[in-house]
2 protein chains.
Amino acid sequence: MASDRRLGVESSKVRALLVEAADQLMVEEGHQAVSARRVAERAALKPQLVHYYFRSMDDLFIAVFRRATERYLALHEQALAAPQPLRALWELNSDSSGTKRNMEFIALASHRDAVRAEIVQSATFFRTLQIAAVARVLAARGIDTEAFPAAGVTLLMSAISRALVTETTLGISLAHTELLAIVNRFLELAEPREAAPGH
Amino acid sequence: MASDRRLGVESSKVRALLVEAADQLMVEEGHQAVSARRVAERAALKPQLVHYYFRSMDDLFIAVFRRATERYLALHEQALAAPQPLRALWELNSDSSGTKRNMEFIALASHRDAVRAEIVQSATFFRTLQIAAVARVLAARGIDTEAFPAAGVTLLMSAISRALVTETTLGISLAHTELLAIVNRFLELAEPREAAPGH
DNA sequence: GTCTATACTTCGATAGAC
DNA sequence: GTCTATCGAAGTATAGAC
């Protein structure tokens, strides 16, 4: 497993193609579709190249995860800096392909320790940022943080968007409208939309 | 894939052993650990027996799912008939092995259509029952169903317990206490615990 | 009715050729 | 620095022996 064979450089164009192909497979078909052969096939390359650029499949998965995390970080910063951060965050986390990728990594975590460690660190990092942002919004609006602690609200919104996206992907829609109504009611309370003035 | 070879009878003891072994692997190691070889190994049987009792791995997964669903149905009925159905339901759905199994089936659904159909049907069935039960509780307590529609509350509680169990399994605990506080506050509103009288 | 010998495919990984 | 020939293990599934 841990050999000392030579590997391709990180800046390689081919390496980037493999990561992209793996990411696509992950989102479109799930993590079990991500095999060296399938990845190479999608990138129109030879299967052995996967193991030239990545010591193991674990390493490939982690490369995919880190690339996705970097991209998400940029969007995340934008969202938290928006005029209505809660609404922006809600929009961001309602993205289906992002959530699909995330769920696949969570499924992977159960049998790939390296992946699990990566996920825990990343989830904790983003949640910490979000809690601070949510706390600011709640404070600004004078919302009772006894009833609605910022950390609880943050995790709550994350849990809801994950569930809705997951179920929608499966083809379940029962009660979604009603849950969205509750969410919207809360968002309206925390970040009221401009009441159309003047008419 | 669809052959006409002979299969073992459904009442077979060996068949039940295989289902049990597959279920254990599913919960303990995830669905990818459930291969014909691994299942047989755990049951101390020959790998080929899996394909004697099940036409395909899909069929084995469905057998595991149906057995779990039957058992869950019994517990579910008990919970909904309890004095405080919302609390009972919350307890039931906070069970970690049940949720783990469920999450694995959801992960499976992305590449096994037969499994997906099974999940959608089952989820819709249970949710329908739960919504009716939640509606009764909310009505009895006179809770504003404009702000908290029964369907929304039902899905909300399901989303929360799923998220908490999943994250706990991964090793993430940030903000869990705070979310639990919100849940308990709601449960106290909908189903107040007996205030200790007389002192 | 029950089980096994066996076929064929795909997997991750490595050593060595260019 | 880049790629390929090749290996051994594990995957699903079937036809045929008991």
Side-chain angles (χ1 to χ4, degrees), chain A residues 1-22 25-26 29-65 104 107-108 110-115, chain B residues 1-22 25-26 29-65 104 107-108 110-115:
Chain A
M1 215 118 177
S3 81
D4 54 352
R5 76 177 191 281
R6 296 186 304 153
L7 292 179
V9 295
E10 197 147 348
S11 59
S12 158
K13 177 118 185 165
V14 170
R15 195 191 126 109
L17 286 174
L18 291 169
V19 172
E20 171 62 25
L25 279 172
M26 192 97 171
E29 302 187 38
H31 69 268
Q32 36 70 42
V34 183
S35 70
R37 284 173 153 84
R38 297 269 280 118
V39 168
E41 182 192 39
R42 173 164 288 232
L45 294 166
K46 296 281 169 66
Q48 304 95 313
L49 279 175
V50 173
H51 284 87
Y52 168 57
Y53 285 103
F54 304 94
R55 193 170 301 281
S56 67
M57 293 304 285
D58 263 37
D59 286 10
L60 170 59
F61 280 118
I62 287 175
V64 172
F65 185 81
E104 290 299 328
L108 261 182
S110 62
H111 66 287
R112 291 182 186 266
D113 285 350
V115 170
Chain B
M1 216 119 176
S3 80
D4 55 352
R5 76 177 189 282
R6 294 187 305 152
L7 292 179
V9 295
E10 199 148 345
S11 59
S12 159
K13 177 118 185 168
V14 170
R15 195 190 127 110
L17 286 174
L18 291 169
V19 172
E20 171 62 24
L25 279 171
M26 192 95 172
E29 303 187 38
H31 70 267
Q32 36 70 44
V34 183
S35 69
R37 282 174 151 87
R38 299 267 282 120
V39 167
E41 181 192 38
R42 172 163 289 231
L45 295 166
K46 295 279 168 67
Q48 304 95 312
L49 279 174
V50 172
H51 284 87
Y52 167 56
Y53 285 103
F54 303 94
R55 193 171 301 282
S56 68
M57 292 305 287
D58 262 38
D59 285 11
L60 170 57
F61 280 118
I62 286 175
V64 172
F65 185 81
E104 290 300 327
L108 260 182
S110 63
H111 65 287
R112 291 184 186 265
D113 285 350
V115 170

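A, B, ... follow the sequence lines: proteins, then strands. Residue 1 opens every chain.
Atom pair A:Leu7:CG and C:dG12:P shows a separation of 16 Å (rounding to whole Å applied). Atom CG of A:Leu108 is separated from atom P of C:dG12 by 12 Å (rounded to the nearest Å). Taking atom CZ of residue A:Arg37 and atom C1' of nucleotide D:dT4, one finds them 13 Å apart after rounding to whole Å. Across the protein-nucleic acid pair, A:Asp58 atom CG and C:dC11 atom C1' stand 15 Å apart, rounded to whole Å. Summarising the geometry, the separation between NE2 on B:His51 and P on D:dT14 is reported as 7 Å, rounded to the nearest angstrom. Look at CD on A:Glu29: it is 14 Å from P on C:dT10, rounded to the nearest Å. A straight line from CG of B:Leu49 to C1' of C:dC3 spans 6 Å, rounded to a whole angstrom. In this structure, the CZ atom of A:Phe54 is 15 Å from the C1' atom of D:dC3, given to the nearest Å.
Residues B:Ala107 and A:Ala107 come closest through the heavy atom pair CB-CB, 4.2 Å. A pairwise comparison of heavy atoms in A:Ala63 and A:Arg15 identifies CB-NH2, 3.9 Å as the closest pair. Taking all atoms of both residues into account, the shortest heavy-atom contact from B:Ser110 to A:Glu104 is OG-OE2, 4.1 Å.
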* Passes side chain to side chain contact (heavy atoms under 4.5 Å, CB included), A:Gln32 versus B:Leu108? Steps please. -> CA-CA 9 Å; A:Gln32 36 70 42; B:Leu108 260 182; over 6 Å; no
For B:Glu29 and B:Arg42: C-alpha separation, side-chain torsions, deciding distance, then whether side chain to side chain contact (heavy atoms under 4.5 Å, CB included) applies. CA-CA 12 Å; B:Glu29 303 187 38; B:Arg42 172 163 289 231; 4.1 Å; yes
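For the segment residues 9-21 of chain B, the set of residues with a heavy atom within less than 4.0 Å of an atom of DNA chain C comprises B:Val9, B:Val14, in numerical order.
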Look for any protein N or O under 3.5 Å of an N or O in nucleotides 15-18 of chain D and output each such pair with its distance, or none.
residue: D:dA17; atom: N6; partner: B:Arg6; partner atom: NH2; Å: 3.1

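The side chain of B:Met57 lies closest to D:dA13 when the candidates are D:dC3, C:dT2, D:dA13.
Where A:Tyr53 and B:Arg38 each meet DNA chain D at their nearest nucleotide, the meeting point lying more 5' is that of A:Tyr53.
When the side-chain nitrogen and oxygen atoms of B:Ser35 are compared with OP1 and OP2 of D:dG11, one or more of them lie within a distance under 4.0 Å. In this structure, A:Lys46 does not reach the D:dC3 phosphate: none of its side-chain N or O atoms is under 4.0 Å from OP1 or OP2.
Put simply, the residue from B:Val19, B:Val34, B:Val64, B:Leu49 that forms a side-chain contact (heavy atoms from CB on, under 4.5 Å) with B:Val39 is B:Val34.
At a threshold of 4.5 Å between non-hydrogen side-chain atoms, the residues A:Leu18 and A:Phe54 count as touching.
Panel note: side chain B:Ser12, backbone B:Val9; no donor-acceptor pair is recorded below 3.5 Å. A:Arg5 places a side-chain N or O within donor-acceptor distance of the main-chain N or O of A:His51, the cut-off being under 3.5 Å.
At a cut-off of 3.5 angstrom, the base of C:dA5 holds at least one donor-acceptor pair with the side chain of B:Gln48.
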